[in-house]
2 protein chains.
Amino acid sequence: MRADELANVRGLQLFRDMDDARFADLMRAAYLQTFPPHVQLIQEGDRADFLFIVTEGCVELFAAWNGHEITMMMVEPGGTFILAAVLKDAVHLMSARTAVKSRILMIPAEAVRGAFERDDAFSRSIVLELADCYRGMVKAQKDLKLRSGVERLAARLLRYDREHGGTGTFSLPHDKRTLAALLGMTPENLSRAFATLRPYGVEADGPNVVLSSVADLQRLAKPNPLIDDKAV
Amino acid sequence: MRADELANVRGLQLFRDMDDARFADLMRAAYLQTFPPHVQLIQEGDRADFLFIVTEGCVELFAAWNGHEITMMMVEPGGTFILAAVLKDAVHLMSARTAVKSRILMIPAEAVRGAFERDDAFSRSIVLELADCYRGMVKAQKDLKLRSGVERLAARLLRYDREHGGTGTFSLPHDKRTLAALLGMTPENLSRAFATLRPYGVEADGPNVVLSSVADLQRLAKPNPLIDDKAV
DNA sequence: CCCGATCCTTGATCTGGATCAACGTCCGGG
DNA sequence: CCCGGACGTTGATCCAGATCAAGGATCGGG
């Protein structure tokens, strides 16, 4: 593991306040591995053997039932996944696969639970991390049930713009097929949604997006911090 | 607070392992109150001032945006809500109202955070409780996105039956209007869904339901522990 | 005992989004 | 340099579920 990667991991909310020695123990037990795109990392229903942390690349969490498949979320660098299952020593509710080539830190579940039992600061950090995960799911649920597809796309574009500094110019973090799945729509409908947003100043050229009339777009998307703000 | 109520609260996952004195402190700071039906307890966007625990009755968590309103979940006796917001000292993402006359234990957020800081066993219990909440949301998301309305109703009926001892006879825990909202459909469509399930042995007479052909219903609902099992 | 309100059901219609199909564009490999 | 496949767009059609409308059933209150 490179020194800068180690520093990045150490700086995550989850590990920030952890005891030095305990953190070193965890890292000693962990594996860092690089995976090519589209490799399945976990399968829903399997026992949770590792806590995963994305250090580079991007991982898709998804779920399937009766032949359908849905995308639950995309995990970006600095993000963790499967924390809840690891702590409960339970079975995965979601599957995971790399979206692109990714570097993933894998910490054995046993080690995580051990640190959770023994390190009080760590167990408190876990609380905050889990609270964030939970609230993220609540927001996703609201987004999905309260807004139409076009509104979801509009709100998402505004969020991406905000996260890129609000310049009105950014490029999509995923390909459109993935973005469609993430927004809970088909690729066809995403395409149509982009077309619908053209009159609202949304110019999409491949992955590059320019928002030339943010005010109009906001009037349509009605962004709400209780749905769209990561930090809230 | 009655002695049996106190014992019930003490027995909850959240408080079970807590230090005796600390638990007494928490209870001393708490208010127990009885509310009539349809009283709004919290408003999304407001600061989280209390952790709520339902001891009797039933509370609906809901969210609104742009004039629509959706039901997020129903909290039954023994259930807690707003834990994540209290711990993060953040704003509510959901509103809450009593569905029926309810007894609610309200613990000041300050006291909860204090206990969380000082009582290691409590902070670990919180982790497990939050993990359950998170996984509950994941399951709800899967249920909603992967199944049709009829399938959701079928799976839900099977779950109610299971929770009532699997006798094939039970009564619905909520009125149909509420059940519809909980399943993410309109009352009209819930009514039609019940009609659709009649050939599968579902006899609904008011709140009373008889499942006369569980196997047929299961073939339709394709229940899956990773969606339908509370305990998983 | 009747009235009005609430809840549920049923029917008719509408619509957002899914599905099916075809086509253009880009890109990597032979 | 050309071919084949992945990806995205657009059009046509279909369907689940929402909406609109109306009619019973039940029940509490005057």
Would you tabulate the side-chain donor-acceptor contacts of residues 165-174 of chain B under 3.5 Å, counting partners in other chains and residues two or more places apart, or write 'none'?
| unit_1 | atom_1 | unit_2 | atom_2 | d |
| --- | --- | --- | --- | --- |
| B/Thr167 | OG1 | B/Thr169 | N | 3.2 |
| B/Thr167 | OG1 | B/Thr169 | O | 3.1 |

Ignoring hydrogens and angles, write down the donor-acceptor pairs under 3.5 Å from the side chains of residues 84-93 of chain A, residues two or more places apart or on other chains.
| unit_1 | atom_1 | unit_2 | atom_2 | d |
| --- | --- | --- | --- | --- |
| A/Lys88 | NZ | B/Asp132 | OD1 | 2.6 |
| A/Asp89 | OD1 | A/Arg47 | NH1 | 3.3 |

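Listed by chain and residue number, A/Asp143, A/Asp228 satisfy the salt bridge (Lys or Arg N to Asp or Glu O under 4.0 Å) test with A/Arg147 (two or more places apart in sequence, or in another chain). Listed by chain and residue number, nothing satisfies the salt bridge (Lys or Arg N to Asp or Glu O under 4.0 Å) test with B/Arg198 (two or more places apart in sequence, or in another chain).
Rounded to whole Å, the distance from CE on A/Met185 to P on C/dT19 is 14 Å. Protein atom CD of A/Glu69 is 15 Å distant from nucleotide atom P of C/dA18, rounded to whole Å. Between A/Leu144 atom CG and C/dG16 atom P there is a gap of 17 Å when expressed in whole angstrom units. If you take CZ of A/Arg147 and P of C/dG16, they are 17 Å apart, rounded to a whole angstrom. Rounding to whole angstrom units, CD1 of residue A/Ile70 and P of C/dA18 are separated by 13 Å.
Contact footprint of chain B on DNA chain D: nucleotides with an atom under 4.0 Å from a non-hydrogen protein atom, first to last in 5' to 3' order, D/dG17 to D/dC20.
Dashed line: the shortest gap from a side-chain N or O of A/Thr186 to OP1 or OP2 of C/dA18 is under 4.0 Å.
A/Phe35 does not carry A/Arg103 over the face of its six-membered ring by the limits of under 6.0 Å from the centre and within 45° of the normal.
Taking the six-membered ring for Trp and thresholds of 30 and 60 degrees, B/His68 and B/Trp65 have ring planes inclined between 30 and 60 degrees apart.
Residues from residues 188-200 of chain A lying near DNA chain C, meaning a heavy-atom separation below 4.0 Å, are A/Glu188, A/Asn189, A/Arg192 in numerical order.
Residue A/Phe194 qualifies as enclosed at atom CZ: its count of foreign heavy atoms under 6.0 Å is above 12.
Under the 3.5 Å distance criterion, the side-chain polar atoms of B/Thr186 are matched with a main-chain donor or acceptor of B/Asn189.
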